[in-house]
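What follows is one structure encoded as structure tokens, with my remarks underneath.
On a predicted model such as this, the values are computed, not experimentally measured, just so you know. Naming convention: chains lettered A, B, ... in sequence-line order (proteins, then strands); numbering from 1 in each chain.
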Amino acid sequence: MAATLSTAVDVHCITKHTSDAKRRPIFFTSPIRLPKRSFTISCTSKSPLKPPPDLAETHPQNPSLSDQLRPISTTILHETTTKDPHSKTHLLAKPKSTWVNPTRPKPTVLSLQRQKKSLYSYNPQIRDLKLFARRLNDCDPSEAAFMAVLEEIPHPPNRENALLVLNSLRPWQKTLLFFNWIKTHNLFPMETIFYNIAMKSLRYGRQFQLIEDLANEMINNGVELDNITYSTIITCAKRCNLSEKAVHWFETMYKTGLMPDEVTYSAILDVYANLGKIEEVMSLYERGRASGWRPDPIAFAVLGKMYGEAGDYDGIRFVLEEMKALGVEPNLVVYNTLLEAMGKAGKPGLARSLFEEMVENGVNPDEKTLTALVKIYGKARWAKDALELWERMRLNKWPMDFILYNTLLSMCADLGLEEDAERLFEDMKGLERCGPDSWSYTAMLNVYGSGGKVDKAMKVFNEMSERGVELNVMGCTCLVQCLGRAKRIDDMVRVFKESTERGVKPDDRLCGCLLSIVSYCEEGEDRNKVLVLLQQANPELVAFIKLLGEEKTSFETIKKEFRSILSATIVDARRPFCNCLIDICRNRNLQERAHELLYVGTVYGLYPGLHTKTSEEWRLNVRSLSIGAAHTAFEEWMGTLGQIVKRQEALPEVFSANTGAGTHKFSHGLAGAFESHVKKLAAPFRQSEEKAGIFVATREDIVKWVQSKAPSLAVTV
DNA sequence: TTAGGGTTAG
């Protein structure tokens, strides 16, 4: 949390004439911009690829792969810390050879040959044995019952027969019983394949410890661990959220001198990708490429997902370019992953083109493709595209599942398509496989809640109670928000209480919602009712509100306490918290506190890009601010301009403020409020004729106005 | 699930 706060700083400050204890002007000089991305690898960080010190001693005759990798990891990883590894030139360039000394051969980091599987010979007893395995699967789970059935095995348990049965058993408990039975009867040597099959079943049961025990048993008994063994261990560790174990076994493989093939290699790439270790992944990727590896679509899906999670569009482009350069055709999963990634990187237009390319290439979309796209169009509020896609889905009879239905409902909420949502919801009630569930009801609460349809939302809430549909925190938040806006505080209190009784645990979003209701409730009974709920959900926040109202509270205390609150709050809810708190201050006539909060919020990176400057134009972007916060930011800006004018420093031709046109469902008419605020101050900003939501002023007008207002403006700085 | 890797919901 603290790292997020300190890396997201985008603060404009000056040092002269201010002491550290005082708030500094927000809008001044050049912004200090820290890199957008933080790099997890630095010269001092320990690379997980680095072998433990005892490694060289273990196999001195056989330099392990990690030994071979060491010089590469120190060069390549070091290199990525000195320049942005995500820059376009870096990513779109062909992977450079990572081997520095041309007289030595390139290191091979993976086997280009995938491990061959042994071919089965036809087993004439297959029918009998399959039926027998089914009997074992169906019998009582107790060991005694299992052993009793096992007595009746129809054919001798030789190697082939035992393999067939072992492969057909589930769940993992039965696989293990049979596996141990074979071992104790000592019928034939236990080969790797028996362990691999047993491990696979254990992996379905997410039994990592048992898998690890088996692996150690193999080592102790001299049974060879092959690529299938290692990839099974690694993916099981991954699924059990034991990444360090996955890395440990990957390194163990190197120690024994076994080369990973591409399956094991992409499994470990995925482990690092899930840890968000982009540099490690790219380093491994490049080393693989330098070894002559031509990655397959699965490896590209891993990279695509990783860049999507990071919201890194350059990375996504790299994946596409690289596939094209290597002549690897994306398959359905790769397209789905990249579409999802484009959505996360905030590129709806590119997602749309990619989807069209996919269809043109003859890859038919599935439920996941359409879910990703519907979600993207909904979030982007691209109503036309969303509805056209929906129509195409119907015409082409593209596959639908309940997740897609629910995503369509959420999209309707995002776009305010109440009637479409109602129709779809009714359709769902008539479907056997896709009847409305908790998600669907939540989506309907969202549809009515964001449309301000209080009574319909309450009807859905009651229907959920009647039908025993689980209410979740999001549904509760939608209702609370909508009842709060309608000033139906008593209903809101009842919904909140009923929800918490029904097991809803208030989260930061719900607290933000209560906080916003506090901000627009007038002082008195209603506001106290909301504060009682907030006290229950987040007592620290209520204590902070109290602190804001006390005159003796110092700026340092505000800074410290607010930081502590933000650190404990999920990233998405931080800015709303700050906005609401500023509104609360302004409504209680605590103007200076509002300025302090805006300052601290800016320092903590809650308002990146609040002020942008070119030589021609300085712009204040208040689109993500509440009305009170936008007024505060505007006053702060004008105060700063007052000082600049006084010092006769250079100013651009144009000043502008961007409030946005207010198309978003949560926009509270920021443009209108801003307009009346500037009018009240007689500031020379005029609504732009070309672009809605932009207010413009010329340098001459600003200077004239600032000079006329000089004494009062200086107060705010 | 037929000895191993990748993708859907505020």
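- Within 3.5 Å, a donor on the side chain of A/Asp261 pairs with an acceptor on the base of B/dG4, or the reverse.
- Not counting sequence neighbours, A/Lys200 has no partner by the side-chain hydrogen bond (donor to acceptor under 3.5 Å, both in side chains) test.
- Between the side chain of A/Lys130 and the base of B/dT2 there is at least one donor-acceptor pair of N/O atoms closer than 3.5 Å.
- The same atom, P, is picked in B/dT2 and in B/dG6; the two are 13 Å apart, to the nearest Å.
- A/Glu391 has a carboxylate O that lies under 4.0 Å from a charged side-chain N of A/Arg394, or vice versa, which qualifies the two as a salt bridge.
- Residue-level contact check: A/Thr442 touches the bases, meaning some heavy atom is under 4.0 Å from a base atom.
- Put simply, A/Arg203 has a side-chain N or O that comes within less than 4.0 Å of OP1 or OP2 on B/dG5.
- Looking at A/Asn137 and A/Leu169, their side chains come closer than 4.5 Å, going by heavy atoms from C-beta outward.
- Among the heavy atoms of the strands lying under 4.0 Å from A/Phe402 is at least one base atom, whether or not backbone atoms are also near.
- A donor and an acceptor atom sit less than 3.5 Å apart, one in the side chain of A/Thr371 and one in the base of B/dT8.
- Judged by atom type and distance alone, A/Ser266 reaches the base of B/dG5 through a side-chain donor-acceptor pair under 3.5 Å.
- Salt bridge annotation for A/Glu356-A/Arg392: present, with a cationic side-chain nitrogen under 4.0 angstrom from a carboxylate oxygen.
- Between the side chain of A/Asp226 and the base of B/dG4 there is no donor-acceptor pair of N/O atoms closer than 3.5 Å.
- The base of B/dG6 is not paired with the side chain of A/Thr337 by any donor and acceptor separated by under 3.5 Å.
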